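Since we're looking at a predicted model, the values are computed, not measured.
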Amino acid sequence: CCSYCFIFLFLYVFSFFFFFLFCVTFFFFFFFFFFFFFFFFFFFFFQLPSNKMRCTRAEFSDSEANLYGYLAVIGSILFFGSFAVPLKSKRVTDAKVDPAVFQIYYSISIFFSAWVVLFWFHSCITDWGEFFAALPWGIISASCFVPGSILSIFAINHLGMSVAVGIWAGLTIVVSFIWSRIIVDASAPQIYHPERTYSGLVTLVLGVLLLSLSSTSFVSQIGKKGNPRRSHYEETDRLIRNPEENHLIQDEDKDKPKQNKFIGLTCAILLGFLNGSAMLPMKKAPAIASNISFVVLFGIGVLIVTPIVTLIYFGFKRQLPQMKFDCALIPGLCTGLIWSVGNIFAVYATTFLGLGIGYPLTQLALVVSGLWGIIVFREITEKSSLVWWAVALLIIGAGVALLIFGAVQ
């Protein structure tokens, strides 16, 4: 039995790295046309007057650091809110690709984009031996991200996307802010008005939770007269008149995946804690790696953690992964690439604004994903839901304003 397990483990790891090398050429095609343009515009343009890339908040004035930090927050929100768009195509949804398979594709994109950061910000690293000695911190951060990606799928399947995302986004904001108060975060801007900051945090979490409820049936029924659903007697009469419909309804119920609210809630809560802690290793890493160059260590960590997590995942399910290259490869790599750009902005925002302000603000990607759902995919069409969504957006805006002005003298 041990021999078979060893052989399976060897073949799995070998096939993963073989596939990893196979995707190199394909990835770089997307990199030159997409990633390089945005990375060049946001980072090189901002630091153009400098002869050397500046990597920490201490190398900027407070006004410059805050400006670049908030610009990075905007970039992170745009990309984090858009990374799932390639997965919304009908071909991908019909294929029912396993979440762990998509995670393999994400990890490939994340790893390669990390080395682009190393090429660009190599001047931030003065001692390569000391830098790579901090790799365990990158592995710890990746250990929060990779399982979290799989947990997100289970949370969405059992709770629905709107509720699940609202729970873990709200928890991420709270957990990240708590970590910023526990550790000494030298990169965080000074808080001159704590009452504004804490009020902004509460308001932000409230707005995120309200925004997540905008697509629920409860909100969509607000203002409607009566209950559009059939009564018990109407359903019984319909089945008496058409007995064959009873079989159709039973068949439909069999096809629907069984939802377990407890499992969904547990996964969403665990994901919130993992997301809120994902940037903590960067703050605990040595000073040479506690900046934008941490993305490199994170990318290597993702490459190490992904085979282990997927092996455990498929071992638990007692089945081999179905890679589905024809319909999942390109969307998976594109999704990972877009997420990776958002993560680079998030690291940059955390470097300049700290765990308490920078990283929580990146969770407002929920707003961008909501805009995609409303404008492009037409996921929210009810008037009451749109009004609810707009009100929640105003509350979020008030929370952001309080957070920002809490750090203004």
Side-chain angles (χ1 to χ4, degrees), residues 15-39 75-89 91-93 95 97-119 138-139 141-153 156 165 271 274-275 278-279 294-310 313 321-348 362 365 368-369 372:
S15 61
F16 178 86
F17 282 100
F18 177 79
F19 175 66
F20 170 84
L21 294 174
F22 169 76
C23 294
V24 172
T25 305
F26 184 83
F27 174 85
F28 275 101
F29 173 78
F30 282 95
F31 158 70
F32 281 110
F33 285 95
F34 182 82
F35 180 78
F36 183 78
F37 171 76
F38 285 97
F39 196 75
S76 179
I77 290 172
L78 291 175
F79 284 96
F80 273 164
S82 306
F83 83 93
V85 172
L87 304 182
K88 298 288 287 184
S89 66
R91 188 182 181 192
V92 174
T93 54
V97 183
D98 195 283
V101 172
F102 269 129
Q103 183 58 53
I104 294 175
Y105 299 140
Y106 300 164
S107 300
I108 292 171
S109 293
I110 291 168
F111 175 77
F112 281 109
S113 59
W115 290 100
V116 176
V117 174
L118 181 63
F119 169 78
I139 295 175
S141 182
S143 299
C144 293
F145 163 70
V146 177
S149 296
I150 299 176
L151 284 174
S152 67
I153 303 299
I156 290 172
V165 174
L271 178 55
L274 289 175
N275 272 353
M279 289 294 178
F294 184 79
V295 173
V296 180
L297 302 180
F298 175 78
I300 299 173
V302 166
L303 187 67
I304 294 172
V305 173
T306 298
I308 298 173
V309 172
T310 51
Y313 175 82
Q322 298 180 3
M323 304 306 291
K324 298 187 178 181
F325 299 105
D326 57 331
C327 60
L329 175 61
I330 295 177
L333 290 177
C334 290
T335 298
L337 181 59
I338 297 171
W339 185 93
S340 185
V341 178
N343 184 56
I344 291 170
F345 282 123
V347 171
Y348 207 78
T362 64
V368 176
S369 62
W372 277 106

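To the nearest 0.5 Å, atom CZ of residue Phe79 and atom OG of residue Ser340 are 10.5 Å apart. Ile308 contributes atom CD1, which lies 8.0 Å from atom OG of Ser143 (distance to the nearest 0.5 angstrom). Taken from OG in Ser107 to CD1 in Ile304, the straight-line distance is 11.5 Å, to the nearest 0.5 Å. For the atom pair CG of Asn275 and CG of Leu151, the computed distance is 9.5 Å after rounding to the nearest 0.5 Å. Taken from CD1 in Ile330 to CZ in Arg91, the straight-line distance is 8.0 Å, to the nearest 0.5 Å.
Closest heavy-atom contact between Ser141 and Phe298: OG-CD1, 3.4 Å. Nearest heavy atoms, Val101 versus Gln322: CG2-O, 3.5 Å. Contact between Leu333 and Ser109 at its shortest, heavy atoms only, is O-OG, 2.8 Å. A pairwise comparison of heavy atoms in Leu78 and Val368 identifies O-CG1, 4.0 Å as the closest pair. Contact record, Gly299 with Ala114: CA-CB, 4.0 Å, taken as the closest heavy-atom pair. Taking every heavy atom of both residues into account, Ala142 and Gly301 meet most closely at CB-C, 3.3 Å.
Proximity of Tyr106 to Ile338: side-chain heavy atoms (C-beta onward) are nowhere separated by under 4.5 Å. Between Asn343 and Ile110 there is no side-chain heavy-atom pair separated by less than 4.5 Å. Contact annotation: the side chain of Lys324 never approaches that of Phe102 to less than 4.5 Å [non-hydrogen atoms, C-beta and beyond].
Ser76 places a side-chain N or O within donor-acceptor distance of the main-chain N or O of Gly342, the cut-off being under 3.5 Å. Looking at Tyr105, its side chain does come within 3.5 Å of a backbone N or O of Met323 through a donor-acceptor pair. Side chain of Thr306 to backbone of Leu303: no donor-acceptor contact under 3.5 angstrom is found. Thr310 places a side-chain N or O within donor-acceptor distance of the main-chain N or O of Pro307, the cut-off being under 3.5 Å.
In this structure, Phe80 and Phe83 have perpendicular ring planes: the angle between them is above 60°, well past the 30° mark.
Residues that satisfy the ring-ring contact (aromatic ring centres under 6.0 Å, His included) test with Phe294, not counting sequence neighbours, are absent from this structure. Trp372 pairs by the ring-ring contact (aromatic ring centres under 6.0 Å, His included) definition with nothing, not counting sequence neighbours.
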